[in-house]
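I have placed the structure first, in the form of structure tokens, so that the comments after it can refer back to it.
Positions are given from 1 along the sequence. Order of appearance sets the numbers: ligands from 1, and atoms from 1 within every ligand.
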Amino acid sequence: MAAPVTRLCHISLHVPRGQPLARDLQRCFGFRPLAMREAGGWHQLALRCGDAVFLVNERAQGPGPASDGLLYDVDPKHPVPTASNVCFEVADIQGAVGALRALGCPVAVAPRAVSDAQGTVTYAVVRSPAGNLIHTLLERGNYGGPFLPGFRACGHPKAPDPSGLEGCFSHVDHMALACPQGASQTWLRWYQDCLGFRCFPLGPDEQPPEQGLQIWAGQAGGLQLTALRAPPGSKAPMLVLAESLPGLPGAQDQIERFLAQHRSPGLQHVALYTRDILTATHLVAEAGGRLVAPPPTYYQQTNKVAQIVAAGGEPERLAELGILLDRDQKQGSGTSFLMQVFTKPLFSEETFFLELIQRQGSSTGFGQGNIQALWEALEEYLTSSQGAGEPR
Ligand SMILES: O=C(O)C(=O)Cc1ccc(O)cc1
């Protein structure tokens with residue numbers, strides 16, 4: 001492996017000036033301003049919740065100065081708002097970039113040192129095969145500042161938090177990339193060979209995990225998911241490569257909608273981990289966070305009710321909050337399960353959303369059992385008298 005990543009540093013998003021992303025992350029998801037930077041027509045604001053950090057980049061309207069003002073990133077020059085950079089820490093940036101170059105990996109920014117009174121960080125930026133997604137790799141050494149050199153601390157650590165959400169999310173659990181059909185294998189190899197990720201099986205099937213797990217949802221088509229975990233000893237989150245398995249002509253699934261509206265493959269969603277999804281979901285909804293409501297019939301499926309009850313949950317309470325539950329199907333996984341809830345897109349285009357997730361026992365899945373259960377519930381809902389309209 002060329003450049004084994006040791007930790008997720010931050011996820012960088014690009015939005016037009018005035019787009020409400022930074023406000024929504026604070027108001028609805030408990031993020032707090034960590035550090036900011038203004039230079040060369042760019043406004044960069046780092047927001048943190050637990051160990052999860054988003055860097056929101058805004059560029060002043062009009063023909064502003066070129067990219068020079070942007071630190072730790074490259075202007076994606078993307079036509080729609082996008083989460084275009086996942087920044088990882090590495091132990092040795094010079095060695096990493098040398099090895100990546102030898103593998104033929106395009107380097108957009110060669111190693112560059114940035115210093116301030118708290119120390120020095122050296123970073124480089126490499127392009128991934130995943131559409132516009134790039135990776136900043138950085139060697140932090142013993143940098144002692146709140147975020148990265150060039151940024152100044154902002155926000156008040158003791159500022160009141162009216163939402164009660166502060167501390168609800170501890171870290172990024174996983175990130176899902178939207179792949180065009182047939183691309184997962186190449187992307188998988190790139191993340192294995194270049195950044196040291198390792199593929200792991202999602203289903204009970206005997207088939208090699210590299211082939212991914214195909215989940216069919218009747219005529220609606222389905223999804224193929226391939227899962228990767230970070231190199232041994234690394235604290236980086238898992239990666240999921242999601243490909244559409246097309247269904248009836250004319251119907252678009254989430255991946256197809258992302259590819260069309262984002263106008264390229266890329267980072268589709270980020271899952272934030274919480275130890276108490278019932279409280280977190282309630283607080284997010286109260287604060288105005290827009291959550292996807294599953295069809296009510298999901299919570300009436302015999303199998304799903306049994307799974308929820310066996311996990312010690314109440315189907316009515318999960319239904320109220322729109323939380324999905326999926327039990328691990330792997331043998332020997334005992335009472336391992338996860339609960340998850342998805343937000344609506346954070347932009348006007350369907351180019352990025354969040355997931356809230358809680359895992360119990362040794363759960364390592366991604367709610368794959370929910371894909372079919374949701375499709376069946378939706379079919380039942382739409383054909384029943386109550387389902388004349390769309391679910392909420
Ligand atoms: O459920 C998850 O968290 C996943 O990561 C799997 C997944 C990936 C892409 C989708 O559009 C829907 C589900």
Query - Axial cation check for Phe366 ring with Arg359, 6.0 Å and 45° limits - result: yes
Query raised in the report: Side chain or backbone of Leu225 under 4.0 Å from ligand 1, or both, or neither, by non-hydrogen atoms?
Result: side chain
Query raised in the report: Any side-chain heavy-atom pair from Val56 and Phe31 closer than 4.5 angstrom?
Result: no
Requested in this report: Write out the residue and atom name of the closest protein heavy atom to atom 1 (O) of ligand 1, then the distance separating them to 0.1 Å.
Outcome: Phe366 O, 2.6 Å
Query raised in the report: Is the closest basic N to carboxylate O distance between Asp161 and Arg32 below 4.0 Å?
Result: yes
Query - Closest protein heavy atom (residue, atom, distance) for atom 13 (C) of ligand 1 - result: Leu223 CD1, 4.0 Å
Report summary line: Heavy-atom closest pair (Trp187 atom, Pro180 atom, distance to 0.1 Å) is CZ2-CD, 3.6 Å
Query raised in the report: So is Ile357 close enough to ligand 1, meaning a heavy atom under 4.0 angstrom away?
Result: no
Query raised in the report: Would you say Ala242 touches ligand 1, if touching means a heavy atom closer than 4.0 Å?
Result: yes
Requested in this report: Can you pull out the closest protein heavy atom to atom 3 (O) of ligand 1? Residue, atom name and distance to 0.1 Å, please.
Outcome: Glu355 OE1, 2.5 Å
Requested in this report: Give a yes/no on ligand 1: does Phe342 have at least one heavy atom closer than 4.0 angstrom to it?
Outcome: yes
Report summary line: Residue, atom and distance of the protein heavy atom nearest atom 9 (C) of ligand 1 read Gln268 OE1, 3.3 Å
Please output the side-chain donor-acceptor pairs of residues 120-129 that fall under 3.5 Å, not counting sequence neighbours, one pair per line with the distance.
| residue | atom | partner | partner atom | Å |
| --- | --- | --- | --- | --- |
| Thr120 | OG1 | Ser115 | OG | 2.7 |
| Tyr123 | OH | Tyr72 | N | 3.4 |
| Tyr123 | OH | Arg112 | NH1 | 3.1 |
| Ser128 | OG | Ala130 | N | 2.9 |
| Ser128 | OG | Leu133 | O | 2.7 |

Requested in this report: Nearest heavy atom to atom 8 (C) of ligand 1 wins, so pick from His269, Gln224, Arg257, His174.
Outcome: His269
Query - For Gln254, the ligand 1 atoms whose distance to one of its heavy atoms is below 4.0 Å - result: 10 (C), 11 (O), 12 (C)
Query raised in the report: Donor-acceptor pair, Ser84 side chain versus Asn132 backbone, under 3.5 Å?
Result: no
Query raised in the report: Would you call Leu318 and Leu278 a side-chain contact if the rule is heavy atoms closer than 4.5 Å?
Result: yes
Query - Aromatic ring proximity, centroids under 6.0 angstrom, Phe347 and His262 - result: no
Report task. Answer yes or no: does an N/O atom from Phe353 fall short of 3.5 Å to an N/O atom of ligand 1? Result -> no
